[in-house]
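Below, each value reflects all heavy atoms present in this structure, side chains not excepted, and no hydrogens, waters or symmetry copies.
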Amino acid sequence: MNIAPPWLFVPAVLLLAATIGAVAAAAYSAFGADATTQGQAFGEPVYGPERPSDEQLAALADGHVSRDEMIQALNRAADCIEAEGLQAVRPGHPQLEGNLVFMRFTPEGVDPAVGADAFRRCSERHSANLSSKYQVQREAEGRAAPRPE
């Protein structure tokens, strides 16, 4: 019985792995895919369907979101949903109990799904990134819930 010496097995496995890797890389590049950057240059932000407003990006630029910046962003988002024909519940409304958020009011008998897409778009465009950053800041400071100061 002829069995290859065990020391030949390791180079054969490495050659097979290198061949599979080369074929996979060639297939990826043939279809224009880039697994590391999703087809974008390094450092270029990846946004959802709605690009953040210039005001939101400017507020994020210094790496810190102030309470005033957060309130302004939430009010811009509220303005946006009102422009879509929805009724906004703005920061400072008693129903929000001091939380820095905005909501929309859905009248009784109206399907809550009506206007949900407009609410999502306005939130993403004007306040979602700031809200996330603000919450992370608050948690780092030991104040998890954004309450009035």
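Here CG of N75 is found 11.5 Å from NE2 of H126. Values are rounded to the nearest 0.5 Å. For the atom pair CG (L130) and CE (M70), the distance works out to 5.5 Å, reported to the nearest 0.5 Å.
When the side chains of ILVMFWY residues are joined at heavy-atom separations under 4.5 Å, either directly or via intervening members, V136 and Y134 end up in two distinct hydrophobic clusters.
Side chain of E124 to backbone of R51: no donor-acceptor contact under 3.5 angstrom is found. Judged by distance alone, with hydrogens and angles left aside, the side-chain atoms of Q137 form a donor-acceptor pair with the main-chain N or O of V65 at under 3.5 Å. Although no hydrogens or angles enter the test, the distance criterion places a donor-acceptor pair under 3.5 Å between the side chain of S53 and the main chain of R125. Under the 3.5 Å distance criterion, the side-chain polar atoms of R104 are left unmatched by any main-chain donor or acceptor of L86.
Heavy-atom minimum distance, A88 versus E82: CB-OE2, 3.5 Å. Across S127 and A77, no two heavy atoms sit closer than the pair OG-CB, 3.9 Å. Nearest heavy atoms, N129 versus L60: CB-CD1, 3.7 Å.
Residues R76 and E55 are in side-chain contact: their nearest non-hydrogen atoms beyond the backbone lie under 4.5 Å apart. Between L74 and Q72 the shortest side-chain heavy-atom distance does not fall below 4.5 Å. The side-chain heavy atoms of P107 and V110, taken from C-beta on, include a pair separated by under 4.5 Å.
Between K133 and E69 there is no salt bridge, since no side-chain nitrogen of the basic residue lies less than 4.0 Å from a carboxylate oxygen of the acidic one. Salt bridge status for E84 with R121: present, with a side-chain N to carboxylate O gap under 4.0 Å. With salt bridges taken as basic N to acidic carboxylate O contacts below 4.0 Å, one links D117 and R120.
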